[in-house]
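Accompanying notes for the structure given below.
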Protein chains: 2
Amino acid sequence: MSSTIKDVAKQAGVSVATVSRVLNNLPGYSEETKRRVEQAVEELGYQPNAIARGLVNRRTETIGVLFPSVSSSFSSEILHGIEEVAHKHNYSVIVCNTAEDGKRTMKYLQVLREKRVDGIIYSSGVLEPEYYEAVQAMGVPLVLVATKSDWDDVPFIKVDDRQAAYDAAAYLISQGHREIAMIGGGESDSIAGQPRYEGFRQALRDHGLPLREDHVQDGGFTFEGGCGAAERLLTASPEVTAVFAAGDEMAIAVISVAARLGIAVPDQLAVIGYDNLKLAEMSNPPLTTVAQPLHEMGRMASEKLIEMLATGQPAASEVVPHRVIERQTVKKR
Amino acid sequence: MSSTIKDVAKQAGVSVATVSRVLNNLPGYSEETKRRVEQAVEELGYQPNAIARGLVNRRTETIGVLFPSVSSSFSSEILHGIEEVAHKHNYSVIVCNTAEDGKRTMKYLQVLREKRVDGIIYSSGVLEPEYYEAVQAMGVPLVLVATKSDWDDVPFIKVDDRQAAYDAAAYLISQGHREIAMIGGGESDSIAGQPRYEGFRQALRDHGLPLREDHVQDGGFTFEGGCGAAERLLTASPEVTAVFAAGDEMAIAVISVAARLGIAVPDQLAVIGYDNLKLAEMSNPPLTTVAQPLHEMGRMASEKLIEMLATGQPAASEVVPHRVIERQTVKKR
DNA sequence: TTCATAAAGGTAAACGTTTACGTAAACATT
DNA sequence: AATGTTTACGTAAACGTTTACCTTTATGAA
C-alpha cells in the first residue's frame with residue numbers, strides 16, 4: 001500500500017542507509033544523491049513509519065496525559081496548553097480520562113507503558129504511591145500539574161494554594177467584609193481542599209476575625225455541590241456578607257442560589273471564586289476570582305517534561321503566581 | 001531495562017512463539033506450559049511492547065482526533081465521549097488542536113499518518129478537500145462529528161442544524177414573541193453558520209413574521225463576538241423581545257450585555273441558546289437552549305469509527321435528535 | 001505394526017526503520 | 001610511488017513482536 005524506505009531506495013538507486021541519512025539529514029552523501037532521494041520520496045509520496053522508527057529509537061515522540069475529567073473547563077485549559085507546546089516540539093499527546101478511578105488510572109498507565117510513551121503528565125489529583133511506582137517502573141519522566149507530591153524526583157507546576165486562598169480572604173477583608181464564609185472542596189482533598197481551608201482560616205486569624213466553623217461548607221468542587229453548600233450557608237447564616245468559593249463553578253453556584261433567594265450580588269453579598277475559568281468572565285455579574293494561569297501551567301508542564309526528555313535530568317518544580325482578578329462580584333462596604 | 005518476550009521465553013524454558021501464543025491466547029500449548037509462561041511474565045513484570053506489535057500487525061489501536069479548539073467546552077464534551085468509548089475498546093486517542101489553521105491541520109494529518117493511527121475523527125469544522133485527500137491517502141477510516149461533508153464515504157454524526165434553529169425560533173414564537181432577533185456564527189460558515197440562519201428565517205416566514213435583516217447579527221460563535229453583536233442589536237433595535245443565539249456562549253453574552261444595559265432577562269428580553277453546554281445551566285438566570293447531545297455524539301463517533309475498523313465497511317451517518325431545554329431565559333408574553 | 005492425524009511447540013522470516021561497521025574511490029601528504 | 005585520510009556510500013544487524021511453516025511426539029485406527 002504505502003511505500004517504504006526500501007521502495008525509495010530502489011527508486012533512487014541507492015541503499016536504504018543512504019535514504020535514511022538524507023531523511024534525517026546526517027552527513028555522508030553527495031548533493032546529487034540527495035536530490036535523487038528527495039525526488040524519489042516526492043514521486044512515491046513516501047511517509048516514514050514512526051512505528052518502525054520508534055522500535056529502533058526507543059522513542060515514540062508521544063506523551064501521555066492523565067486527567068480526572070477531560071471535559072471540565074479546568075482540565076481542558078491545561079490540556080490546551082500541554083498540547084500546544086508538545087506539538088511545537090513534535091510530540092503527540094494521548095489523553096486519558098481517569099474519572100478519579102484508581103483501577104482506571106492503573107489501566108491507563110499500563111496502556112501508556114505498552115505504547116511506550118516518552119513521558120507522562122499527571123494533572124490535578126493525588127498521585128497515589130501505586131501510580132508513582134507504576135511510572136517509576138516504566139522508567140519515563142513524570143511531571144505533575146495543578147497538584148504535587150511528596151516524591152522529590154517528580155516536579156510539579158502549581159499555584160501556592162494556601163497563599164492564594166489567603167489572598168482571596170484577605171482581599172475580601174480589605175474590601176471591608178467581616179462576616180466571611182467559605183465553600184471549599186472538602187477537607188479530605190489534600191491538594192486542592194485542605195490548603196485552601198488553611199489559607200482562608202489563617203487570613204481570618206491574621207486579621208483578628210473570629211473563625212466560625214459553620215461558615216465553612218463543603219461544595220465538592222462541583223456546581224451542584226456548590227449550590228447545596230450555598231443554600232445551607234445563605235439560609236442558615238444571613239449575617240455573612242462575603243463568600244470565598246474555592247472553585248469558580250462553586251462561586252457561580254453561590255451567585256445562582258443568591259439570585260434564587262433574592263440576595264443581590266454584589267450589593268448584599270460579595271463572591272470571590274478560584275481558578276479564573278472562562279466562565280468567570282461570562283458570569284453574570286462577571287466573577288471576581290483568584291486566577292490560576294491554567295493554560296500557561298499546561299504549557300510549562302509540557303515544556304518541563306520535554307526538557308527532562310532532552311536532558312535526561314530531573315527538573316525543578318515551579319510555583320506559579322496567582323492573582324486576584326477584580327470583576328464585579330465584590331463591592332466595598 | 002524492561003524485559004522482552006525473549007526473556008520470558010528463556011525464563012519459562014519455551015520459545016518466543018509459545019509465549020506469544022499464550023499471551024494472545026491462541027491454541028497450541030499445554031496447561032502446564034501456559035502456567036510456566038504466566039509465571040515467567042509475572043516474575044519479570046513483562047509488558048508487551050505495543051510498538052513492536054504495531055509494526056507487525058499494522059494496527060496501533062490508536063485513533064487521532066482533530067478539534068478546532070480543544071479548550072472549548074464544546075470540544076471537550078465531545079472529546080470526553082470519544083475517549084470514553086475508545087478506551088472501552090482498548091483504543092488510545094491522540095488529540096490535535098488545529099486552531100482552525102489549514103497548515104496546522106495538514107501537519108497533524110501528516111503526523112497521524114506517520115504514527116500510523118488506525119482511524120481519524122474530525123470535529124466541528126469544514127472538511128477541506130485537501131484534508132479529505134490526505135486521509136484518503138493514508139487509507140484509514142474517517143468520521144465526522146458535529147460537521148458534515150459532501151463525500152458520501154465519510155459518515156458524520158450531527159444534529160439537523162437547520163431544523164434545530166427552526167425549532168428554536170418556533171419555540172420563541174410559540175411563547176408569544178413576534179420581534180425576534182438572531183445572533184449567528186457568520187454566513188460564511190457553511191456548517192454551523194448558514195443552516196441555522198436558514199432555519200431561523202424559515203421559521204419566521206412559516207409563521208408569517210416579517211424578516212428584518214437588521215435583526216440578524218454575526219457573533220462569530222464567541223462570547224466577545226456575541227457581546228458586540230448583542231450590543232449592536234439591543235441598542236439599535238429596542239423593539240426585539242427575544243433573541244436566538246446560535247451558540248450558548250453568545251447567548252450568555254446577550255444576557256451579560258442586557259444586564260449591563262438594564263434590560264431584564266427574561267422579563268423584557270427572552271434569550272434562547274444553542275448547544276446546551278454545561279455553562280447553560282450555570283448561567284444566571286439558567287439558559288433555555290436547544291441541546292445537542294455532545295457527549296453522546298462523541299461516543300457515537302467513536303463507536304462508528306471502531307465499527308468501521310472492525311468491519312472494514314463504510315458506515316452510515318447519523319442525524320441525532322436535538323431538543324429545546326426550557327430553563328429560565330424565556331418567558332411567555 | 002503401520003500409518004494418518006492431531007497436538008505441542010520450535011525456527012525463522014517479516015514488519016520498516018536506524019546505525020555500526022566495512023569498503024572502495026578520491027584525494028592529500030610525504 | 002606509497003601511504004594515510006576523507007568522502008560516499010553499501011551491508012547487515014538490531015529493535016520486539018507475530019505467524020507461516022516445520023518438526024517431534026503422542027494418539028488412534030486399520
Side-chain angles (χ1 to χ4, degrees), chain A residues 1-38 40-41 44-62 90 110-111 113-118 138-139, chain B residues 1-38 40-41 44-62 90 110-111 113-118 138-139:
Chain A
M1 165 94 227
S2 81
S3 50
T4 74
I5 200 173
K6 270 186 200 155
D7 302 322
V8 175
K10 193 173 300 172
Q11 176 97 351
V14 298
S15 74
V16 295
T18 297
V19 175
S20 179
R21 281 189 274 257
V22 351
L23 256 30
N24 297 292
N25 49 349
L26 301 171
Y29 46 85
S30 67
E31 274 307 308
E32 164 62 8
T33 302
K34 176 176 179 181
R35 230 209 62 254
R36 290 224 312 284
V37 169
E38 282 168 347
V41 165
L44 297 174
Y46 168 74
Q47 301 279 140
N49 182 327
I51 298 301
R53 197 205 301 265
L55 186 58
V56 11
N57 288 338
R58 319 160 92 77
R59 288 184 306 111
T60 53
E61 317 255 87
T62 302
N90 282 306
Q110 187 195 325
V111 170
R113 177 175 193 171
E114 293 191 1
K115 296 233 163 111
R116 296 305 195 259
V117 296
D118 297 335
M138 56 197 289
Chain B
M1 165 91 228
S2 82
S3 51
T4 73
I5 200 174
K6 270 185 202 157
D7 301 323
V8 176
K10 192 172 302 174
Q11 176 98 350
V14 299
S15 74
V16 295
T18 298
V19 175
S20 178
R21 281 189 274 257
V22 351
L23 257 29
N24 298 291
N25 49 346
L26 301 171
Y29 46 84
S30 68
E31 274 306 309
E32 163 61 8
T33 301
K34 175 175 179 181
R35 231 210 62 254
R36 290 224 312 283
V37 169
E38 281 167 347
V41 165
L44 297 173
Y46 169 74
Q47 301 279 141
N49 182 326
I51 298 300
R53 196 205 303 261
L55 186 58
V56 11
N57 288 339
R58 310 153 138 323
R59 286 183 308 107
T60 53
E61 317 256 87
T62 302
N90 281 306
Q110 188 194 325
V111 170
R113 178 175 192 171
E114 292 190 3
K115 296 233 165 110
R116 296 309 195 258
V117 296
D118 296 336
M138 55 198 287

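Note that this is a predicted model, so its numbers are computed, not measured. Here is how names work: the chains are called A, B, and so on, in the same order as the sequence lines, proteins then strands, and each is numbered from 1. The figures here come from the full heavy-atom set of this structure, side chains too, leaving out hydrogens, waters and symmetry mates.
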Can you tell me how far apart [atom1] ([X]) and [atom2] ([Y]) are? Round to the nearest 0.5 Å.
| X | Y | atom1 | atom2 | result |
| --- | --- | --- | --- | --- |
| B/Asn57 | B/Asn24 | CG | CG | 8.0 Å |
| A/Asn90 | A/Thr62 | CG | OG1 | 11.0 Å |
| A/Ile51 | B/Glu114 | CD1 | CD | 10.5 Å |
| A/Lys115 | A/Thr60 | NZ | OG1 | 11.0 Å |
| A/Leu55 | B/Arg53 | CG | CZ | 13.0 Å |
| A/Leu44 | A/Thr4 | CG | OG1 | 9.0 Å |

>> Quick check: on DNA chain D, is the nucleotide nearest B/Val16 upstream (toward 5') of the one nearest A/Lys34, or the reverse? Name the residue that is more 5'.
In response: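 Result: A/Lys34.
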In whole angstrom, what separates [X]'s [atom1] from [N]'s [atom2]?
| X | N | atom1 | atom2 | result |
| --- | --- | --- | --- | --- |
| B/Arg116 | C/dG16 | CZ | P | 8 Å |
| B/Arg59 | D/dT18 | CZ | C1' | 12 Å |
| B/Lys6 | D/dT17 | NZ | C1' | 10 Å |
| B/Arg36 | C/dG9 | CZ | P | 8 Å |
| A/Arg58 | C/dT18 | CZ | C1' | 12 Å |
| B/Glu61 | D/dT17 | CD | P | 15 Å |
| B/Leu55 | D/dT18 | CG | P | 11 Å |
| B/Asn49 | D/dG16 | CG | C1' | 6 Å |

>> Of the options D/dG16, C/dT19, D/dT19, whose atoms approach the side-chain atoms of B/Asn57 most closely?
In response: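 When the side chain of B/Asn57 is considered, D/dT19 is the closest of D/dG16, C/dT19, D/dT19.
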> Of the nucleotides C/dT17, C/dC15, D/dT18, which has the atom closest to the A/Ile5 side chain?
Replying inline: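 Among the listed nucleotides, the one closest to the side chain of A/Ile5 is C/dT17.
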> Which residues in residues 18-33 of chain B have at least one heavy atom lying under 4.0 Å from any atom of DNA chain C?
Replying inline: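 Heavy-atom cutoff 4.0 Å gives B/Thr18, B/Arg21, B/Gly28, B/Tyr29, B/Ser30, B/Thr33.
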Distances for protein N/O vs nucleotides 24-27 of chain C N/O pairs under 3.5 angstrom?
none

> Within a strict 4.5 Å, meaning less than it, do heavy atoms of the A/Val41 and A/Val22 side chains meet?
Replying inline: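 Counting from C-beta outward, A/Val41 and A/Val22 never come under 4.5 Å.
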>> Any non-hydrogen side-chain atom of A/Arg116 less than 4.5 Å from a side-chain atom of B/Ser2?
In response: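 Side-chain contact under 4.5 Å: yes.
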> What residues, two or more places apart in sequence or in another chain, satisfy side-chain hydrogen bond (donor to acceptor under 3.5 Å, both in side chains) together with A/Glu38?
Replying inline: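 Residues passing side-chain hydrogen bond (donor to acceptor under 3.5 Å, both in side chains) with A/Glu38: none at all.
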> Looking at five pairs on each end of the helix from C/dT1-D/dA30 to C/dT30-D/dA1, what is the angle between the two axes, given to 10 degrees?
Replying inline: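 The value is 50°.
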> Just checking B/Glu114: base, sugar-phosphate only, or nothing, at a heavy-atom cut-off of under 4.0 Å?
Replying inline: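 B/Glu114: no heavy atom of the nucleic acid under 4.0 Å.
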>> Please enumerate all residues that pass salt bridge (Lys or Arg N to Asp or Glu O under 4.0 Å) together with B/Arg113, with sequence neighbours excluded.
In response: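 Per chain and number, B/Arg113 pairs via salt bridge (Lys or Arg N to Asp or Glu O under 4.0 Å) with no residue.
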> How close do B/Asp118 and B/Arg58 get, heavy atom to heavy atom, and via which atoms?
Replying inline: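 Answer, listing the atom of B/Asp118 first, then B/Arg58: OD1-O, 4.5 Å.
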Pair up each side-chain donor or acceptor in residues 25-32 of chain A with any protein partner under 3.5 Å, not counting sequence neighbours, and list the distances.
from: A/Tyr29; atom 1: OH; to: A/Leu26; atom 2: O; distance (Å): 3.2
from: A/Ser30; atom 1: OG; to: A/Thr33; atom 2: N; distance (Å): 3.1
from: A/Ser30; atom 1: OG; to: A/Thr33; atom 2: OG1; distance (Å): 2.9
from: A/Glu32; atom 1: OE1; to: A/Arg35; atom 2: NH1; distance (Å): 2.8

> More 5' along DNA chain C: B/Ser15 or A/Arg53, using each one's nearest nucleotide?
Replying inline: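 Per heavy-atom nearest nucleotide, the more 5' residue is B/Ser15.
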